[in-house]
There are 2 protein chains.
Amino acid sequence: MTTTRDILIDTATELFLGRNFGAVGTTELCKSAGVNKGTLYHYFPSKSDLLAAAIERYATSFGQAFRDIADSDAAPEEKLRQLFDVPARANRDWKTRHGFAQGCLVGNMSLELGAVDIPVREAIKHALTTWKAPVRDILHQLIETGSLARIDCDKGADVVIGLIQGGLLLAKAQNDPSHITLLAPGALAHLNSLKP
Amino acid sequence: MTTTRDILIDTATELFLGRNFGAVGTTELCKSAGVNKGTLYHYFPSKSDLLAAAIERYATSFGQAFRDIADSDAAPEEKLRQLFDVPARANRDWKTRHGFAQGCLVGNMSLELGAVDIPVREAIKHALTTWKAPVRDILHQLIETGSLARIDCDKGADVVIGLIQGGLLLAKAQNDPSHITLLAPGALAHLNSLKP
DNA sequence: CAATCAATTGACTGATCGGTCAGTTGGAAA
DNA sequence: TTTCCAACTGACCGATCAGTCAATTGATTG
């Protein structure tokens, strides 16, 4: 069952991803969600809190996709590469529908609001933590199979997320989704060069 | 000589970096620059055009820093590492003054406005082009000294910029400038693993 | 001196912003 | 049947938004 709250979160995700947080007004957002102003503020104390909820849902969704990859029976090297396919697929779909690369809600909001809105930054931090767990597991698997040196996997997970976000940024800057996976082929070599 | 136009550009850079484009109004910007509203619109047709000018100056400034590194007499491996120090130093200074990591004007505006404002995206594309030239030169030097395989240096320059921006994003998301250089140590290994 | 014009002023506009609130609705509990 | 409350409505608020414009300044020309 899709509740009004769900509709608000999904609409917010769609609109904030398509443009940005500041460029989407609450009036437009409510109209797009088929809901009245007051209803938004019945469920969320502020526009920022709606965004935080959207980030949390977005993080959970992508986190689950990462988890599915980590738990699959593919080879660990293959899993590492597949991580980059998750945002790549999302962006390809979006660009087909709307004509430009939108990036990642977490990355976008991080650079727009990371220095301004502390609650949102906390939601972003939590999103990154959620994502790091399955990535860390894949790195452990790589070590077990001998494909990766005994590096610090927590730091390694940060590196992988940095590679993904770096590619996403290039893709949006140049409006070319193919850049998203630009940093995928070198990921394993990159990780292997980290000091244990 | 610092012209009124220069003051406007510098003030815009400072404010847009400190918060974001949408969160800074023209009234505040003008007050901060010690200039009247009409003067802003005497020099720039719109707020977006002021941003584009700020991006261009910012890109030139960082591009010169990259160029200085490329033309120095340091070892090529050392030069590659020094590229990451340019934004790292800027962010360390800023955080000392303002208490948080602000990131990079080009990266920030790319994720905030890349999908919305096409002229700004063009300014961003041009900034990346400017930065790629000295990076490409360093990669050629690495190849000459035998530290790097004969990879596609244009693609390699994109990779390096992606690594820098990925680190900047992590730093802003976690309000910790030390992440800026997180992807520096693995850069050479990363590049070396690219297919020629 | 007169003429010119880029630079600058600051009050002003209509639109939109995020957020509020008194009131209505409809289904569940008593 | 009455009571109750979460869900929802939509008009409304003061503030701020990007942008405009007629008037003024002052330095540079002929």
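Excluded from the calculations below are hydrogen atoms, water molecules and symmetry mates; all remaining heavy atoms, backbone and side chain alike, are included.
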Under-3.5 Å N/O pairs linking protein and nucleotides 4-6 of chain D:
none

What does the list of N/O pairs under 3.5 Å between the protein and nucleotides 11-14 of chain D look like, with a distance for each?
none

Under-3.5 Å N/O pairs linking protein and nucleotides 22-25 of chain C:
none

**Prompt:** Reading nucleotides 22-29 of chain D from the 5' end, what letters show protein touch, with B for base, S for backbone sugar-phosphate only, - for no heavy atom under 4.0 Å?
**Reply:** --------
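Considering only residues two or more places apart in sequence or on other chains, A:Asp117 meets the side chain to side chain contact (heavy atoms under 4.5 Å, CB included) condition with A:Ser48, A:Leu113, A:Pro119, A:Val120.
D:dT20 atom P lies 15 Å from atom CZ of B:Phe44, rounded to whole Å. When the P atom of D:dA7 is taken as reference, atom CG of A:Leu40 falls 14 Å away, rounded to whole Å. In this structure, B:Lys47 places its NZ atom 15 Å from P of D:dT16, rounding to the nearest Å. Separating the CG atom of B:Leu50 from the C1' atom of D:dC17 is a distance of 16 Å, rounded to the nearest angstrom. Atom pair A:Ile7:CD1 and D:dC8:C1' shows a separation of 13 Å (rounding to whole Å applied). With rounding to whole Å, B:Tyr43 atom OH is found 21 Å from D:dA18 atom P.
In this structure, the side chains of A:Ile69 and A:Val86 come closer than 4.5 Å at one or more pairs of heavy atoms. Looking at A:Ile164 and A:Leu183, their side chains never come closer than 4.5 Å, going by heavy atoms from C-beta outward. Under the 4.5 Å side-chain criterion, counting only non-hydrogen atoms from C-beta, A:Tyr43 is not in contact with A:Leu50.
Considering only side-chain atoms of A:Thr39, the nucleotide from D:dC8, D:dG10, C:dG18 that sits closest is D:dC8.
Electrostatic pairing of B:Lys31 and B:Glu28 does not count as a salt bridge here, judged by no charged N lying under 4.0 Å from a carboxylate O. Salt-bridge check for B:Arg97 with B:Glu14: passed, with a basic side-chain N closer than 4.0 Å to an acidic carboxylate O. Between A:Asp137 and A:Arg67 there is a salt bridge, since at least one side-chain N of the basic residue sits less than 4.0 Å from a carboxylate O of the acidic one. Taking 4.0 Å as the cut-off between side-chain N and carboxylate O, B:Asp93 and B:Arg89 do not count as a salt-bridged pair.
B:Glu112 and B:Asn108 are not linked by any side-chain donor-acceptor pair at a separation below 3.5 angstrom, with hydrogens and angles left out of the test. Side chains of B:Asp10 and B:Thr13: a donor-acceptor N/O pair is absent below 3.5 angstrom, by distance only. Looking only at atom types and distance, the side chain of A:Thr39 has no donor-acceptor partner in the side chain of A:Asn36 under 3.5 Å away.
Between A:Asn36 and D:dC8 there is no side-chain N or O to OP1 or OP2 distance below 4.0 Å. Look at A:Tyr41 and you'll find a side-chain N or O under 4.0 angstrom from OP1 or OP2 of C:dG19.
If you run side chain to side chain contact (heavy atoms under 4.5 Å, CB included) between A:Ser32 and each of A:Val24, A:Thr11, A:Ile7, only A:Thr11 comes through.
With A:Phe21 as the aromatic partner, A:Lys47 meets the cation-pi criteria of under 6.0 angstrom to the ring centre and within 45 degrees of the ring axis.
Using a 4.0 Å cutoff on non-hydrogen atoms, the parts of residues 16-30 of chain B near DNA chain D are B:Val24, B:Gly25, B:Thr26, ordered by number.
Listed here is the closest heavy atom pair of B:Ser193 and A:Gly186: OG-CA, 3.2 Å. Nearest heavy atom pair, residue A:Pro87 against residue A:Leu168, reads CB-CD2, 4.0 Å.
Ring geometry, B:Phe66 versus B:Trp131: the interplanar angle exceeds 60°, so the pair is classed perpendicular (tilted spans 30 to 60°).
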